[in-house]
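As the structure is a computational prediction, the values presented were derived from the model and not from experiment.
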Amino acid sequence: MQLQRSTIAWATALVIGGTLAGCGGNEPTEPTTAASANRDSGSPASSESSSATGSATSSGDSSSDTADLPTDLPAEARKESKEGAAAFGKYYYEAFGDASHTGRTTVIEQLDSKDCGVCGRGVRNIQSDAEKGWTRSVNPYTIRNVEATKRPDLGYEVTMRVNVVAHERIDADGKANGKVRAADYTLTEHLVWENGRWHVLDWLVT
């Protein structure tokens with residue numbers, strides 16, 4: 001139950017100035033593919049493939065963990081339907097952008113599957129920056145063209161276009177210490193319905 005993909009790279013997509021020029025691993029990054037990494041000045045920080053292997057129960061399972069969902073999750077995103085999958089997938093990535101802005105990852109950790117490796121790496125990246133007092137100056141993501149397609153194995157594939165506005169990484173004093181270039185990419189998520197709600201099992205940027 002995993003997205004068909006080539007190797008994924010988390011690559012640097014930014015313009016660094018002043019004292020950050022030699023900081024390497026401390027630079028803010030955006031997820032991208034290995035191919036797009038070659039067009040940017042930075043090099044991939046890591047190269048990993050998905051290892052999502054979780055199994056999902058049928059909608060008839062009597063157990064439910066819906067109490068753990070964010071209170072502002074739209075009603076549509078709580079439904080086991082094509083429209084519900086699309087609404088949930090959109091909410092998740094918007095919440096991911098908000099987490100990068102606030103440094104708080106509680107909401108996105110409520111939405112993904114424990115088997116989602118790329119989700120966990122994203123959470124750890126945000127938490128690592130937050131420990132240093134670093135966050136993004138804004139929620140950088142604007143999402144459009146969200147579509148859900150039933151997968152032949154399990155769940156739905158949700159695709160969307162993501163626009164990343166040019167923004168800064170700021171420190172605890174509100175001072176900029178890095179700049180991230182504007183970008184536009186396609187995000188593909190694999191969502192499964194388990195225990196009465198959707199879970200993000202995997203996602204891929206192309």
Is there a donor-acceptor pair closer than 3.5 Å between any side-chain N or O of R78 and the backbone N or O of L73? yes

Atom of I126, atom of A99 and distance for their closest heavy-atom approach: CG2-O, 3.5 Å

Heavy-atom closest pair (K90 atom, I143 atom, distance to 0.1 Å) is O-CD1, 3.8 Å

Between R197 and F88, is there a side-chain heavy-atom distance shorter than 4.5 Å? yes

Side chains of T188 and E157: closer than 4.5 Å at any heavy-atom pair? yes

Same cluster or not: are V162 and V165 linked, directly or through other Ile, Leu, Val, Met, Phe, Trp or Tyr residues, by side-chain heavy atoms under 4.5 angstrom apart? no

Verify, without hydrogens or angle tests, whether D171 (side chain) and D173 (backbone) share a donor-acceptor contact under 3.5 angstrom. yes

Minimal heavy-atom distance between E76 and S81, with the atoms involved, is OE2-OG, 4.0 Å

Are the side chains of V164 and Y185 in touch, meaning some heavy atoms are under 4.5 Å apart? yes

Only counting residues at least two apart or in another chain, list the ones meeting salt bridge (Lys or Arg N to Asp or Glu O under 4.0 Å) with E168. none

Can the ring centroids of Y91 and W198 be said to lie less than 6.0 angstrom from one another? no

Separation between CD (E147) and OH (Y156), nearest 0.5 Å, reads 13.5 Å

Given side chains that start at C-beta, do those of I170 and T135 come closer than 4.5 Å, heavy atoms only? yes

Matching residue for L187 among Y93, F96, Y141 - test: side chain to side chain contact (heavy atoms under 4.5 Å, CB included): Y93

Can you tell if the side chain of L154 reaches within under 4.5 Å of the side chain of L201, non-hydrogen atoms only? no

Considering only heavy atoms from C-beta outward, does the side chain of D98 approach that of V107 to under 4.5 Å? no

May I ask you to test the S128-K132 pair for a side-chain heavy-atom distance under 4.5 Å? yes

So, D129 side chain and G103 main chain: donor-acceptor pair closer than 3.5 Å or not? no

Donor-acceptor under 3.5 Å (H190 side chain, L204 main chain): no

Considering all heavy atoms, the nearest A148-K82 contact: O-CE, 2.9 Å

To the nearest 0.5 Å, how far apart are OG1 in T102 and CZ in R136? 12.0 Å

Quick one: does E109's side chain get under 4.5 Å of Q127's, heavy atoms only? yes

Rounded to the nearest 0.5 angstrom, the OG-NZ distance for S137 and K179 is 10.5 Å

Backbone of D68 reached by a side-chain donor or acceptor of Q110 within 3.5 Å: yes

So which of L111, I108, D202, V200 actually passes side chain to side chain contact (heavy atoms under 4.5 Å, CB included) with C119? V200

Got a salt bridge between D153 and R151, using NZ or NE/NH1/NH2 to carboxylate O under 4.0 Å? yes

Please tell me whether L191 and L69 are part of a single hydrophobic cluster in this structure, the criterion being side-chain heavy atoms less than 4.5 Å apart. yes

Output all residues satisfying salt bridge (Lys or Arg N to Asp or Glu O under 4.0 Å) with D184, sequence neighbours left out; order by chain, then residue number. R144, R161

